[in-house]
Asks: 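Before we start, here is the structure in question, set down as structure tokens.
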Amino acid sequence: QVQLEESGGGLVQAGGSLRLSCTASGLRYSTSVMAWFRQAPGKEREFAAAMRWGGGVTYYGDSVKGRFTISRDSANNTAYLQMNNLKPEDTAVYYCAVRTYSGNIYDVSAYDSWGQGTQVTVSS
């Protein structure tokens, strides 16, 4: 199983930016997908962004498209989520996840490894 460690969360004012990092240990397959999900209090976990590790193809949820960018440093098995123009509704715990085998990239159930989560709070 892949071990994931996230960092970079914090408190920011609306309109500001943050960058999250996720370093993976044991990421073995170029077919793996690394993703970011988020979960606000009282809500279901929501897909934010994902990247196919081998080819670099990216996917975004509608609520973050145009504001968030997922990228990677393959040499260090690290994925980033650059979040710009943050809004109070972006406040959530952000989780890094890896899909090793198959399944709907947008679906929580497709992912077999999860990080511990990092809190992002956007003040108005």
Side-chain angles (χ1 to χ4, degrees):
Q1 190 172 11
V2 178
Q3 304 296 318
L4 301 171
E5 183 172 355
E6 301 126 330
S7 62
L11 173 65
V12 65
Q13 288 188 334
S17 299
L18 281 175
R19 189 176 80 156
L20 306 182
S21 300
C22 176
T23 299
S25 301
L27 190 66
R28 300 177 59 186
Y29 303 107
S30 62
T31 53
S32 295
V33 172
M34 188 173 285
W36 290 94
F37 286 78
R38 64 187 187 180
Q39 189 165 19
K43 295 189 176 181
E44 293 187 351
R45 198 164 293 191
E46 174 192 28
F47 174 84
M51 174 180 280
R52 292 188 181 272
W53 204 250
V57 178
T58 58
Y59 307 81
Y60 294 95
D62 289 339
S63 61
V64 308
K65 200 172 295 181
R67 300 186 298 122
F68 291 11
T69 302
I70 188 170
S71 62
R72 64 180 175 174
D73 175 355
S74 298
N76 292 303
N77 276 351
T78 299
Y80 303 98
L81 186 67
Q82 177 67 42
M83 306 184 293
N84 297 328
N85 190 21
L86 283 160
K87 305 175 181 180
E89 51 264 42
D90 294 317
T91 295
V93 177
Y94 283 71
Y95 296 91
C96 179
V98 167
R99 189 199 79 175
T100 303
Y101 302 109
S102 63
N104 186 337
I105 282 177
Y106 301 92
D107 194 336
V108 168
S109 64
Y111 293 81
D112 44 270
S113 299
W114 291 86
Q116 80 285 357
T118 185
Q119 177 71 45
V120 171
T121 303
V122 184
S123 63
S124 57

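Note that the coordinates shown come from a computational prediction; the quantities given were computed from them, not determined experimentally.
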Asks: Whether K87 and D90 form a salt bridge (side-chain N of Lys/Arg under 4.0 Å from carboxylate O of Asp/Glu) is what I want to check.
Replies: no
Asks: Looking at M51 and T58, what are the two nearest heavy atoms and their distance?
Replies: CE-CG2, 3.5 Å
Asks: Do the side chains of V33 and V98 join up, straight or via other hydrophobic residues, at under 4.5 Å, putting them in one cluster?
Replies: no
Asks: Which heavy atom of A92 sits nearest to which heavy atom of Q119, and what is that distance?
Replies: O-NE2, 3.5 Å
Asks: So does D112 get a backbone contact from the side chain of Q1, meaning a donor-acceptor N/O pair under 3.5 Å?
Replies: yes
Asks: Which side-chain N or O atoms in residues 7-19 pair as donor and acceptor under 3.5 Å with protein atoms at least two apart or in another chain?
Replies:
from: S17; atom 1: OG; to: N84; atom 2: OD1; distance (Å): 2.9

Asks: Take Y80 and D73, measure what side-chain contact (heavy atoms from CB on, under 4.5 Å) needs, and give me the verdict at the end.
Replies: CA-CA 8 Å; Y80 303 98; D73 175 355; 4.0 Å; yes
Asks: Same cluster or not: are V120 and Y60 linked, directly or through other Ile, Leu, Val, Met, Phe, Trp or Tyr residues, by side-chain heavy atoms under 4.5 angstrom apart?
Replies: yes
Asks: Kindly check if the number of other-residue, nucleotide or ligand heavy atoms within 6.0 Å of CD (Q116) is above 12?
Replies: yes
Asks: By side-chain hydrogen bond (donor to acceptor under 3.5 Å, both in side chains), which residues pair with S21, not counting sequence neighbours?
Replies: none
Asks: Would you say that I105 contacts R52 through its side chain, given a criterion of any heavy-atom pair below 4.5 Å between the two side chains?
Replies: yes
Asks: For N77, enumerate each residue passing the side-chain hydrogen bond (donor to acceptor under 3.5 Å, both in side chains) test, keeping only those at least two apart in sequence or located in another chain.
Replies: none
Asks: Heavy atoms only: give me the nearest R99-A110 pair and the separation to one decimal.
Replies: CG-O, 3.0 Å
Asks: State which residues pass ring-ring contact (aromatic ring centres under 6.0 Å, His included) with Y95; sequence neighbours excluded, sorted by chain then number.
Replies: none
Asks: Identify whether L81 and L4 are in the same connected component of the hydrophobic contact network (ILVMFWY, side-chain heavy atoms under 4.5 Å).
Replies: no
Asks: Is it true that T91 and T121 share a donor-acceptor pair across their side chains at a distance under 3.5 Å?
Replies: no
Asks: Roughly how far apart are R67 CZ and L86 CG, rounded to 0.5 Å?
Replies: 6.5 Å
Asks: What is the distance from atom OG of S109 to atom CZ of R45, rounded to the nearest 0.5 Å?
Replies: 12.0 Å
Asks: Applying ring-ring contact (aromatic ring centres under 6.0 Å, His included) as the test, list every pair that has at least one member in residues 98-124; sequence neighbours left out.
Replies: F37-Y111, F37-W114, F47-Y106
Asks: Carefully, step by step, assess T23 and T78 under the rule side-chain hydrogen bond (donor to acceptor under 3.5 Å, both in side chains).
Replies: CA-CA 4 Å; T23 299; T78 299; 3.1 Å; yes
Asks: Cluster question for you: counting only ILVMFWY and a side-chain heavy-atom cut-off of under 4.5 Å, with indirect links fine, are V64 and W36 together?
Replies: yes
Asks: Working to the nearest 0.5 Å, report the span between CD of E5 and OG1 of T118.
Replies: 10.5 Å
Asks: Side-chain heavy atoms under 4.5 angstrom apart, residues restricted to Ile, Leu, Val, Met, Phe, Trp, Tyr: same cluster for V122 and V93?
Replies: no
Asks: Residues two or more places apart in sequence or in another chain: which of them pass salt bridge (Lys or Arg N to Asp or Glu O under 4.0 Å) with E89?
Replies: none
Asks: Decide yes or no for E6 and L20: does some side-chain heavy atom of the first lie under 4.5 Å from some side-chain heavy atom of the second?
Replies: no
Asks: Evaluate the side-chain contact (heavy atoms from CB on, under 4.5 Å) criterion for residues E46 and R38: first the C-alpha distance (whole Å), next the side-chain angles of each, then the deciding distance (0.1 Å), finally the verdict.
Replies: CA-CA 5 Å; E46 174 192 28; R38 64 187 187 180; 2.8 Å; yes
